[in-house]
Structures are given as structure tokens and as C-alpha cells.
Q: 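Would you mind keeping the following structure in view while I ask a few things?
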Amino acid sequence: MNLFEQMTDFVRAQVAAINPAWPLDRITVETPKDPTHGEMATNAAMVLAKEAGMPPRQLAEQIAEKLRAHPQVAEVTLAGPGFINIKFKPEFWRTLVPDILRAGATFGTSDIGQGEKVNVEFVSANPTGPMHAGHVRGAVIGDAVVRLLRAAGYDVTAEYYFNDAGAQVDVLARTAYLRYREALGETVEIPEGFYPGEYLKDVGAALAARDGKKWLDKNETEWLVPIRTFAVDEMMKMIREDLALIGIRHDVFTNERELVEGGLLETAFKILDDKGLIYVGMLPPPKGKEMDDWEPAELTLFRSSQFGDNSDRPLKKRDGSWTYAMPDIAYHLDKIQRGFTTLINVWGTDHMAYQDRIKPAVTVFSDGKARLDVIFNNMVKVFKNGEPVKLSKRSGNIITLREMVEQVGAGAVRFMMLTRDPKSPLDFDFAKVVEQSKDNPVFYVQYAHARICSVMRHAAEAVADLKTDDAALAQADLAHLDAPAEIAMIRKLSEWPRIVAAAAQVHEPHRIAFYLQDLAAELHALWTAGKDDAQLRFILPDQPEKTRARLALLRASALVIAAGLGIIGVEPAQQM
RNA sequence: GCGCCCGUAGCUCAGUGGAUAGAGCGCUGCCCUCCGGAGGCAGAGGUCAGAGGUUCGAAUCCUCUCGGGCGCGCCA
């Protein structure tokens, strides 16, 4: 239990002691934005004023009196409309430092997820080419959500869904076949509409190596399926390797073909039909859009409009075959059948409206017990030398994930992708992410960690017989931590567990990145204070005990930075 | 036309219903010549797009308006 939870419990207990009938759930304890308001503040008096039948300030005084009984509370004051501000004795904060040192990497983790089964589906690019700039953001966000939710005690499955049953993979197979002939010595030309990328040459060569001339004189009906299977496998292998470059590994790969062949589409359709949600009818043509070829027709429709969609949706085409939406609907049935109660999908903003078709299905299949949260991630604008890079598949001008990682490193790519709310467009500037300056958040946070490592290295030399392992530092006499800036640092560290919990609950890993920047700022400020005033330096050769206390605080800070970077999936730097 | 998302400092953006709305960049003025330089401190800069509503309290929740983005097919 973190310090805020402890205080929340304490405040609620004191309120209950005044009147057991009052509701406690709306009482919160938080950090006031303005530090002069105290170190923690509670809204208890304001939320209960009505029940108590007295003005908030008057109730606040009663509660405040109770809070003053806490042995570690130094001061309780009232302010504003009825806030109760609490200031603690320094010991209250200091106890956190050895707690962090002992908890190590687990500090900040919790069990608020209570083992709930969560499925995070991300990347899910079709197996037709390498990972590129357009995939990176969603990939990193998805992976960070996985790490975040695991830290908060959820049972998370990282999943990749790919479509290996559509027209795209047939084109892939045909392209691979041409490259295969090329590998066997022919001169080939890749027609318009095929995949022009060089990477398929390797696939052709591998196929030639495996099967020799076996397919040369066969016609397409014979080679299409085996070569498609081969090519898809190769593409997925490549994609996995690409993702591994930035530390992403999915637990489960699900493909459309198996769902279709397993009859799941029929099953899903039957469930909807049995619930009376299927009918045959006619849809009006979409308005505001040119529809030259619109022909009214009777179609098999899903009453998705009953669940928030703005129109019912066709599940079968006029010829009786399934529409595009159907495999996805069936896939989400599959997830629910596997026992997930929270489904998280990471999609580009161009699929924004598509959630309205999937959410109704999830609601129906789970009887409202499962929820689908789609995280939409906006565009990444890539800059090189300060100039925006125009990306287009057709001109073959793509920036691959591999290229990004090789140029700036996996950690920088990952951190950068989380420095904005997913819905916000993001600039990725090759020059900026490796810049060693304050306005590069990756550097700024890493530098803070590296500075601490540097101090630890120097400490061993500067002070004889100084034990600097975490266990020894946890024994340090922390009464030496008496500077306001040091206590402020500890307060910042104390927020970490609730940052993780809150970020996990709303599926927003970028909050971790923002917290890390705040934390790094505190650290840099502490560091610079030592330059202005020699007594504030971390290492004081003639005061080993004080030095130990400060090193304990630094190590605790480094552990939290490392934990935060861990959720983002970045290795903390030992030196720059 | 309909749906979803966005609108916060000059720029790029944070901000789980709380107090005087924050950070970086840019601007102004300082400090730091080394525990490790790439940092730190301070200042100027805001009708939180607008109008109603809910609430003790709204940038945050609801409704409407304006502006921008993405979508809206028997394509995938």
C-alpha cells in the first residue's frame, strides 16, 4: 500500500469515527498543485458538507482535529472552500526511501488489476512487408500498455491478428512467385499492383532453395496456395524480427484463415441471429458522398444501431458471401470465448468509425460483461534534417522500423513514441531524438539516470569504506535528509505507485513518460543545487553518514527512473 | 447530411471534478568553468474556441454553436 492509500484509509477512518453513516467513497487524498498548500490535501469536508448539514469549513475543522492525532502529521490547516491541507514530519517521507531500496524494481507495481484477463491487440499489420514508420507508434503504444498493465497486476496477453485470407496475400504470393522465377535465373518485371519491395527477392530465393524448379512449369492453381503459405510465413518471420528490434514480442498470433476454416464466422452469425439481431433489409445510400454505382439491394443486416452504431451493417454481400466486417466480428467472439473481459485494440485514427461496428458485437457476445477500448493513435510525421519526409508506399519511399532503430536506437524510438497522447499527431525528428539537450526528453531522462550512476561510481572512490549497495543504503540514517529539496524529491517518488495505477486504469502509458520527465527535472535541480552550495553536494568526503543518506535517496530515484523506463521498454543508461 | 476525435501561452503539447491552469521551445535577465559538459533559477506571456447546464467546485461531465482532422460501400 502506498503512502496515499495509507492516508486515504486514515482520513476515511477518522471521518467514520465522527459519523459512521457518512459515505466515504468520494473522499480522496491527493497532492495539491501548489506546494504551499501542504503536502497532501483531502476534499473530505467538501464532499460531506451536505450529509453533515453544516458548512464545509466547520466540518473541516472537526475532521482536521482528528487528523492532528496522526503521529507523523506535523500540521493540518484549512483553506479555500474547505480543503484540509496536511503537512507531515520529515520522517513520514523518509521512510519511503528504504522501502524503495528494498522493493527495487517492484516498487510501484500493484495488484489493482486483480488478475483480470486482458487482451491487447496491436500492430496487426497484414503480412505483406516489413515494419515501417507507420506501424511504429501503434506498436510501441500497444507494447507499453502490455507492460503497464502487467505492472498493475493484470493478466495480459499481447496479441497480433493478421489477415492471411484476403486478396492482399494472393498478390503477395504472385509477387513471390515472380521473385522465385527470378531467383532461378529469369528476368522478371514486377507489374503494377504487385509488391515492388526488394525484400521479396529473399523470399523468392529461399523458395528456390527449398523447392528447386518444382513450380516453374506449374500453373497458378497449383502453386498459389503453397507459395502463399510460404510467403506469409516468411513475412511473419520478418515482422517478428523487426518487432524484436524494439523489444516487442507478442504472445499470440491469430490469423483470419484459421477462424474462417474453423467455422467461427458461422458461429458468430448464429449467435447474433438467435438473439434476433439479424434481418434482411435495405440500407439508404450514404449521404454527402458521391455514389455513382449505388444500387439498392436487400442485404443481410446486423442491428448494430441498437448498440450505438449509426447504421445497421451488412454482414453478407448480395452474393451471399461474408462482408469485410464479419471476420473481425468473429475474431472478437473468439477473444471473448477465450475469457478476456477487457479487450484493448490499438488502431490508427483512420479506423475511428470502425469501432462502432465492433463494439456492438462485443457487447452482444459477452452479454455486456466485456468491454472494448480502442486506443487510436494519430500520424507520425517524420523529419530528416529539419525537413518533413514524404512517405508513400507507391513511390517506394518508406522509412523502415529497422532504419529508425539503426539510426537512433530502440530506446529513443520507443520513448519518443510515448511523449504525446496517442490521439495527438507526433513529430519524429531523426536529429532531435539523438540531440543531447534539455528539449530532447529521451536524453533528459536518461541523463538523470546516468548522473546518479556517475555519483555512485565516484562515491566509492571519494569516501573510504562506504558501502553503496542497496541493502546497505537502506540502513542509512535518513535524518540527514533535511533539505527541503530532498524531501520534495521523496514526495515526487511517492507519487510513482499512483501514477502507474492511474495510467494502467485508463490505458495511457504516455503518462509514465511525462512523469519521468518531471522526476528527471527534480533530479537535475538537486544536482545543480550542489553547484551553488557545496554543502548540498551528494558526496561529502568528511561526512560519510550524510553522504550515505544522500546516496540512498539517489539510488531510490534511479530505481524509480529505471522502473518507469522499464514500462516504456527502454534500458536505463549507465553513462551518456 | 451522419458518426468519432481534437480545439489549452507566440510554437509543440501535458493536465484520473479541486484551490492562483503547467512543461519544453522561443523571448528577457541571471547562476554553473568541471561529484560528469550537454544543466539550473527567475520574469514576461492565458476570455482553457464560444454559449448555456449539472456541481460546494468544471479545461475536465452534459447540451448546443463555431473551427479543424478522420471516417461514413455489397473495398479491404
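So that the names make sense, note that chain A is the first sequence line, chain B the second, and so on, each numbered from 1. As a basis for the values below, the full set of heavy atoms in this structure was taken, side chains included, without hydrogen atoms, waters or symmetry mates. Not measured: the values here are computed from a predicted model.
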Q: For the C1' atoms, the ones on B:G10 and on B:G18, what distance do you get once it is rounded to whole angstrom?
A: 30 Å
Q: Determine the interatomic distance between C1' on B:C56 and the same-named atom on B:G39; round to the nearest Å.
A: 44 Å
Q: With both distances kept under 3.5 Å, what pairs with B:C61, Watson-Crick or G-U wobble?
A: B:G53
Q: Is any N or O donor-acceptor pair between the side chain of A:N440 and the base of B:A38 shorter than 3.5 Å?
A: no
Q: Could you check whether any side-chain N or O of A:Y515 sits under 3.5 Å from a backbone N or O of A:K492, counting only pairs where one atom can act as donor and the other as acceptor?
A: yes
Q: For atom C1', what is the distance between B:G29 and B:A21, given to the nearest Å?
A: 25 Å
Q: Can you identify which nucleotide, out of B:G3, B:A19, B:G39, has its nearest atom closest to the A:A353 side chain?
A: B:G3
Q: Categorize A:Q168 for me: base, sugar-phosphate, or nothing, with a 4.0 angstrom heavy-atom threshold over every strand shown.
A: sugar-phosphate
Q: By nearest atom, which of the nucleotides B:A76, B:C70, B:A14 is closest to the A:H510 side chain?
A: B:A14
Q: What's A:D421 touching, base or sugar-phosphate or nothing? Going by heavy atoms closer than 4.0 Å.
A: sugar-phosphate
Q: Just checking A:A521: base, sugar-phosphate only, or nothing, at a heavy-atom cut-off of under 4.0 Å?
A: nothing
Q: If the P atom of B:G17 is compared with that of B:A58, how far apart are they to the nearest Å?
A: 14 Å
Q: For atom C1', what is the distance between B:G24 and B:A14, given to the nearest Å?
A: 10 Å
Q: With a 3.5 Å limit on both atom pairs, tell me what B:G3 is paired to, counting Watson-Crick and G-U wobble, or say none.
A: B:C70
Q: Determine the contact category for A:N163: base if any of its heavy atoms lies under 4.0 Å from a base atom, sugar-phosphate if only primed atoms, P, OP1 or OP2 are that close, otherwise nothing.
A: sugar-phosphate
